[in-house]
Amino acid sequence: MKEIVVSGIRPTGKLHLGNYFGAFKNFLTLQEEFNSYFFIADYHSLTTHPTQSDMAGSVKRVLAEYIALGLDPEKCTIYIQSDLPETAELYLMLNMNAYLGELERVTSFKDKVRSQPNNINAGLLTYPVLMAADILIHKGVKVPVGKDQEQHLEMARTFGNRFNRLYQTDIFPEPQAFSAGKELVKVPGLTGGGKMSKSAGDADTIYLDESAETLKKKIMRAVSDSGPTVPGAPKSQPVQNLFDLMSLVCKTETIEFFDQEHKNGSIRYGDLKKQLAADMENFIAPLREKIQDTLNNEKRLDEIAKFGAEKARKNARETMNAVREAVGFKKN
Ligand code: ADP
Ligand code: TRP
């Protein structure tokens, strides 16, 4: 039997370069060989955006991007998380054996407590439980995600193993974070911080449908530093970020050239950014075009979502029946 792949992205905005290189690029490879489930995590988006003005529109946007960028509904199962009530039921069951202490220790939760101490809901606390349910409902073993999701994967293993032990079953296999490269990916943003993220704002983020003009403007305004003070000086974080972005879209010779210039202490960041902007435009241009074309085809998107939901539910129902039986409930 083919191994099972599961992953999702929250519909809280347009997809960006971090989503692409951290997660989506692996979706494209994995759909060719495995039994893959790719969903849109709209339940999850309620943890931070409980009253979205246009939820349906946001979901459709990500669905269109999935299709435009190359997911094929004939090769993998593409669905919307909330079309699978089985996920919510499994989340409820897993919550009964998830402990406050372990949930409070999760880095993403601690970050939220720090950044918005007066707005912490139970959904944020149990975010990793819902994510575990997403994966375990399909008995997923490979989970293509960026580096920021590593700890959540560890929790998914904990919850699955704990369920197996408590109810003396072997329903759930152990899921692992997946990246085609040696390591999980972290794409930096343009404002000098750690990872590119929608929540860090528009100036930090390169969207996959960015116009040529905005793209160039954003890159030319990216944070750098005042230049190496002595030849051989190490790169500052913002400059390392620019090199990391180059490694995604530029030729090796280009990177080596600017690396040498930096070592010599003669680098001109304006030139580096101009080259990065040109190579990024070459990467983005075809994606931008495909995204715009797909967005207009509403009818096809609705059909794809319906087709995917049916396929995903069939599998989810089977898992949930086994779970209900293990806990001592009757099958549905
Ligand atoms: P955001 O952080 O912008 O809100 P999401 O949390 O919806 O994006 O992330 C969806 C997927 O994209 C996850 O697998 C996540 O690991 C990946 N991802 C997001 N940002 C980055 C990044 N800067 N580098 C690598 N992967 C990322
Ligand atoms: N937590 C992931 C993110 O922000 C999204 C997500 C939800 C997910 N459920 C998942 C990813 C299950 C992989 C598998 O980025």
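Order of appearance sets the numbers: ligands from 1, and atoms from 1 within every ligand. Owing to the predicted nature of the structure, the values given are computational and were not obtained by experimental measurement.
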Element-labelled atoms of ligand 2 that are located less than 4.0 Å from some non-hydrogen atom of [X]:
X      : result
Ser7   : 11 (C), 13 (C), 14 (C)
Val145 : 11 (C), 13 (C)
Ile135 : 12 (C), 14 (C)
His44  : 7 (C), 9 (N)
Arg10  : 4 (O)

Shortest protein contact, [atom] (heavy atom only):
atom                    : answer
atom 1 (N) of ligand 2  : Tyr127 OH, 2.7 Å
atom 3 (O) of ligand 1  : His16 NE2, 2.7 Å
atom 2 (O) of ligand 1  : Lys195 NZ, 2.9 Å
atom 9 (N) of ligand 2  : Asp134 OD2, 2.7 Å
atom 19 (C) of ligand 1 : Asn19 ND2, 3.4 Å
atom 24 (N) of ligand 1 : Val187 N, 2.8 Å
atom 16 (O) of ligand 1 : Asp148 OD1, 2.5 Å
atom 6 (O) of ligand 1  : Arg10 NH2, 3.0 Å
atom 15 (O) of ligand 2 : Gln149 NE2, 3.3 Å
atom 7 (O) of ligand 1  : Lys198 NZ, 3.4 Å
atom 18 (N) of ligand 1 : Gly18 O, 3.7 Å
atom 6 (C) of ligand 2  : Gly8 O, 3.7 Å

Donor-acceptor contact present, side-chain Thr214 to main-chain Glu210, <3.5 Å:
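No; zero donor-acceptor contacts below 3.5 Å.
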
If we count only N and O atoms by modelled type, under 3.5 Å, do the side chains of [X] and [Y] hold a donor and an acceptor together?
X      : Y      : answer
Asn321 : Glu325 : no
Thr254 : Gln275 : no
Asn264 : Gln260 : yes
His16  : Asn19  : yes
Asp134 : Tyr43  : no
Glu102 : Thr158 : no

**Message:** If you take the centroid of each ring, where Trp contributes its six-membered ring, are Phe39 and His138 closer together than 6.0 Å?
**Reply:**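 They do not qualify: ring centres at least 6.0 Å apart.
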
So that I can tick it off, tell me whether [Y] and [X] are bridged by a salt bridge, with the cut-off set at under 4.0 angstrom between side-chain N and carboxylate O.
X      : Y      : answer
Lys290 : Asp293 : no
Lys147 : Glu150 : yes
Glu256 : Lys263 : no
Lys306 : Asp302 : no
Arg313 : Glu86  : yes
Glu310 : Lys314 : no

Using a 4.0 Å cut-off to any heavy atom of [X], which atoms of ligand 1 qualify?
X      : result
Met196 : 20 (N), 21 (C), 22 (C), 23 (N)
Gln149 : 16 (O)
Ser197 : 1 (P), 2 (O), 3 (O)

Next on the checklist: Considering Ala200, Gly146, Gly193 one by one, which has a heavy atom nearer to atom 14 (O) of ligand 1 than any of the others?
Outcome noted: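 It is Gly146 that holds the nearest heavy atom.
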
In terms of relative ring orientation, are His44 and Tyr127 parallel, tilted or perpendicular, with 30° and 60° separating the classes?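 Tilted.
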
Which part of [X] is near ligand 2, with near meaning a heavy atom under 4.0 Å away: side chain, backbone, both or neither?
X      : result
Val143 : side chain
Gln81  : neither
Asp148 : neither
Phe39  : side chain

Quiz item: Taking heavy atoms and a distance under 4.0 Å, where does Ala23 meet ligand 1: side chain, backbone, both or neither?
Solution: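 Near ligand 1, Ala23 shows its side chain, while the N, CA, C and O stay back.
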
